[in-house]
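We number each residue from 1, following the sequence as shown. First listed ligand is number 1; within each ligand, the first listed atom is number 1. The analysis underlying the following values was restricted to heavy atoms, covering all of them including side chains, and did not include hydrogens, waters or symmetry mates. The shown structure was predicted, so the numbers you read here are calculated from the model rather than taken from an experiment.
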Amino acid sequence: MDFSFTEEQLMLQDVARRIAQEKIAPSAEHHDRTGEFPLDNIRLLGENGLMGIEVPAEYGGAGMDPIAYVLAMVEVAAGDGAHSTIMSVNNSLFCNGILTHGSEAQKQKYVRAIAEGEAIGAFALTEPQSGSDATAMRCRAVKQADGSFVINGKKSWITSGPVAKYIVLFAMTDPDQGARGITAFMIDTDKPGFHRGKTEPKLGIRASATCEIEFQDYQAAAEDVLGKEGEGFKIAMGVLDAGRIGIASQAIGIARAAYEATLEYVRDRKAFGAAIGTFQMTQAKIADMKCKLDAALLLTLRAAWVKGQGKRFSNEAAIAKLTASEAAMWITHQAVQIHGGMGYSKEMPLERYFRDAKITEIYEGTSEIQRLVIARNETGLR
Ligand code: CAA
Ligand code: FAD
């Protein structure tokens, strides 16, 4: 077993770290306070290959592997959680599915624009009445005699929905078939029949814009189908396996930023005549934070490694996402506690890390859904 990274992986990590520390982290407080979408920074990430890390160079990407994706995501998330949400949707949820299931024309048209940072992508599975229970969707695509489809329905909580040019949409084409009646479509948001709702005000990752979207007699051509008719749910699940590696990496980045700030604070802050880092109760917290951070990173790298081998990695991705998101919640909570009143203050980033970490336990499958996936894989029972 080799725990070292390649030169290319380290180079990409370095590029991501530089942009995160020089451009993203300094404006994170502003983006969190105002909720302003960080378009310039997203373009900069795109220009540096960070919006299509696993996308081959022929489609405008960096042509790197899943390990490089983990390393880069961790760095960007350590700079700001919201930026890493936008990055993760573009990389994992948008580009991944099209690369695996798209036609050559779809790859050229949609992947290139997102990978080069010229446009922003989105992934629309959730609906107002169906989140965890994704097959209970009602958005309907009705096939016409000429092979085209007419789409009607709503999707909720769509990350980058307010700004996306293209969306991977999942809609029911044959409700009698349940999961096997779902089809994936490529949506152009400039076409008639596509509407956006208000941007959601959120607890954390506030600069990542999220909204409801609605389709009213949206016309999708036969060539807008991604993969085959009826295969949409499997496409969504496969894409989410990859997405969960991204969210695990995001959780690690947010947690690492909180941990590093804490290390500095416990050395400087004095109480009862000593640095608070000399108290055994603080030391126990520091040791537990470090163990959880390293465990999360190793499990996430394992999931990325299995993905890179071309094997099924659903279980490894769910284990990584569950472990990393719960570690991030615990670590950011302890980081606030160790900072005392300053942990609660908006003058320091600790309270933001704490708010940003929470989303990693909810989206791309809640912690309960990760446990369900892991237990089903482990027991073979349903
Ligand atoms: N890969 C490929 N196929 C898969 C799969 C996977 N990982 N998981 C399931 N499938 C297949 C099954 O084999 C089955 O196929 P057959 O019909 O051929 O048997 C089919 O999909 C249906 O599977 P299940 O019966 O297991 O489906 P289920 O209804 O029990 O649901 C679930 C399973 C794991 C709970 C799933 O619904 C799920 O993951 N829910 C959470 C939804 C989610 O993560 N949403 C995220 C939205 S995107 C987002 O959140 C983005 C963001 O924040 C930035
Ligand atoms: P529900 O499914 O209603 O769950 C409510 C509670 O019940 C949860 O605690 C859940 O774990 C629990 N529960 C449900 N089923 C079970 C079960 N079988 N066993 C045990 N417990 C269960 N979706 C997209 O499609 N695209 C996006 O880009 C996107 N971005 C998002 C961004 C944000 C900021 C947020 C908050 C959400 C986003 N989502 C997106 C939606 C997200 O994936 C869902 O919120 C999530 O999957 C949970 O669904 P729900 O909110 O409907 O909760």
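Few gaps surround CD on Glu104; more than 12 heavy atoms of other groups in view lie less than 6.0 Å from it.
Below 4.0 Å from some heavy atom of Thr159 lie the following atoms of ligand 1, by number and element: 54 (C). Below 4.0 Å from some heavy atom of Leu372 lie the following atoms of ligand 2, by number and element: 18 (N). Numbered from 1 in the order shown, with element, the atoms of ligand 1 that lie under 4.0 Å from a heavy atom of Leu240 read 43 (C), 44 (O), 45 (N), 46 (C), 48 (S). Atoms of ligand 2 found under 4.0 Å from any heavy atom of Glu364, numbered from 1 in the order shown, are 43 (O). Residue Phe123 has at least one heavy-atom neighbour below 4.0 Å for each of these atoms of ligand 1: 48 (S). Distances below 4.0 Å separate heavy atoms of Val89 from the following atoms of ligand 1: 54 (C). Residue contact check: Asp241 has heavy atoms under 4.0 Å from atoms 1 (N), 6 (C), 7 (N) of ligand 1.
Using a 4.5 Å cut-off on side-chain heavy atoms (C-beta onward), His339 and Met348 make contact. When side chains are defined from C-beta on, Ile319 counts as touching Arg302, because their heavy atoms get closer than 4.5 Å. Using a 4.5 Å heavy-atom cutoff, the side chains of Lys155 and Thr126 are not in contact.
Scanning the protein heavy atoms around atom 42 (C) of ligand 1, the nearest turns out to be Gly131 O, 3.7 Å. Nearest protein neighbour of atom 50 (P) of ligand 2, counting heavy atoms only, is Gly131 CA, 3.9 Å. Here the protein heavy atom with the shortest distance to atom 31 (C) of ligand 2 is Trp157 O, 3.1 Å. Of the protein's heavy atoms, Ile362 CG2, 4.1 Å lies nearest to atom 45 (O) of ligand 2. The closest protein non-hydrogen atom to atom 25 (O) of ligand 1 is Arg382 NH2, 3.0 Å. In terms of protein heavy-atom proximity, atom 4 (C) of ligand 1 is nearest to Met237 CB, 3.7 Å. In terms of protein heavy-atom proximity, atom 37 (O) of ligand 1 is nearest to Ser132 O, 3.3 Å. Summary of contacts: the protein heavy atom closest to atom 21 (N) of ligand 2 is Glu368 CB, 3.5 Å. Of the protein's non-hydrogen atoms, the one nearest atom 28 (O) of ligand 2 is Thr159 N, 2.9 Å. Annotation: atom 46 (C) of ligand 1 to nearest protein heavy atom, Glu364 CA, 3.6 Å. In this structure, the protein non-hydrogen atom closest to atom 16 (C) of ligand 2 is Ile369 CD1, 4.2 Å. Here the heavy atom of the protein found nearest to atom 23 (N) of ligand 2 is Thr126 OG1, 2.7 Å. Considering only non-hydrogen protein atoms, atom 47 (C) of ligand 1 sits nearest to Thr126 OG1, 3.7 Å. Protein heavy atom nearest atom 8 (C) of ligand 2, with residue, atom name and distance: Thr366 CG2, 4.2 Å.
Contacts between Leu93 and ligand 1, counted as non-hydrogen atom pairs separated by less than 4.0 Å, involve the side chain only. Neither the backbone nor the side chain of Asp133 has any atom closer than 4.0 Å to an atom of ligand 1 (non-hydrogen atoms only). Counting heavy atoms under 4.0 Å from ligand 1, residue Ser314 touches it through the side chain alone. Contacts between Ile359 and ligand 2 below 4.0 angstrom, taking non-hydrogen atoms only, involve the side chain exclusively. With a 4.0 Å cut-off on non-hydrogen atoms, Arg244 touches ligand 1 through its side chain and not its backbone.
Evaluated by nearest non-hydrogen atom to atom 2 (C) of ligand 1, the leading choice among Arg312, Arg376, Glu368 is Arg312. Among Val239, Thr360, Val373, the residue whose heavy atom lies nearest to atom 34 (C) of ligand 1 is Val373. Nearest-heavy-atom check against atom 4 (O) of ligand 2 across Gly121, Pro128, Ser132 picks out Ser132. Considering Phe313, Tyr363, Phe233 only, the shortest heavy-atom separation from atom 20 (C) of ligand 1 involves Phe233. Considering each of Arg180, Lys155, Lys234, Gln250, the one bringing a non-hydrogen atom nearest atom 17 (O) of ligand 1 is Arg180.
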CA sep, side-chain torsions, deciding dist, call: Glu361, Ser325, side chain to side chain donor-acceptor pair (under 3.5 Å): CA-CA 5 Å; Glu361 292 185 322; Ser325 58; 5.1 Å; no
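Between the side chains of Tyr344 and Gln337, no donor N or O sits under 3.5 Å from an acceptor N or O. Looking only at atom types and distance, the side chain of Asn91 has no donor-acceptor partner in the side chain of Asn96 under 3.5 Å away. Side chains of Glu223 and Ser103: a donor-acceptor N/O pair is absent below 3.5 angstrom, by distance only. Judged purely by distance below 3.5 Å, without hydrogens or angles, the side chains of Glu212 and Ser156 never pair a donor atom with an acceptor atom. Looking only at atom types and distance, the side chain of Thr85 has no donor-acceptor partner in the side chain of Ser208 under 3.5 Å away. Counted by atom type alone, Asn315 and Glu378 present one or more donor-acceptor pairs between their side chains at under 3.5 Å. Counted by atom type alone, Ser92 and Tyr69 present one or more donor-acceptor pairs between their side chains at under 3.5 Å.
Polar contact check, Ala179 against ligand 1: no nitrogen or oxygen pair lies under 3.5 Å apart. Ligand 2 has no nitrogen or oxygen under 3.5 angstrom from a nitrogen or oxygen of Ile158.
Counting only heavy atoms, the protein never gets under 4.0 Å from atom 12 (C) of ligand 2. Within the 4.0 Å cut-off (strictly below), no protein heavy atom is located near atom 12 (C) of ligand 1. Note that atom 39 (N) of ligand 2 has protein non-hydrogen atoms nearby, at separations under 4.0 angstrom. The nearest protein heavy atom to atom 35 (C) of ligand 2 is closer than 4.0 Å.
Of the possible polar contacts, none joining the Thr210 side chain to the Trp157 backbone as a donor-acceptor pair under 3.5 Å is found. Looking at Asp241, its side chain never comes within 3.5 Å of a backbone N or O of Phe313 through a donor-acceptor pair. In this structure, Ser27 contributes its side chain and His30 its backbone to no donor-acceptor pair below 3.5 Å. Of the possible donor and acceptor atoms, one in the side chain of Gln370 sits under 3.5 Å from a partner among the backbone N and O of Glu364. Judged by distance alone, with hydrogens and angles left aside, the side-chain atoms of Asn48 form no donor-acceptor pair with the main-chain N or O of Leu50 at under 3.5 Å.
Of the residues Lys358, Arg371, Lys292, Lys321, the one that meets the salt bridge (Lys or Arg N to Asp or Glu O under 4.0 Å) test with Glu326 is Arg371. Here the rule is side chain to side chain contact (heavy atoms under 4.5 Å, CB included) with Leu12, and of Thr6, Ile67, Ile53 only Ile53 fits it.
Using a 4.0 Å cut-off between charged nitrogen and carboxylate oxygen, Arg352 and Asp80 count as a salt-bridge pair.
Screening residues 90-129 for ring-ring contact (aromatic ring centres under 6.0 Å, His included), with sequence neighbours left out, gives Tyr110-Tyr166, Phe123-Phe170.
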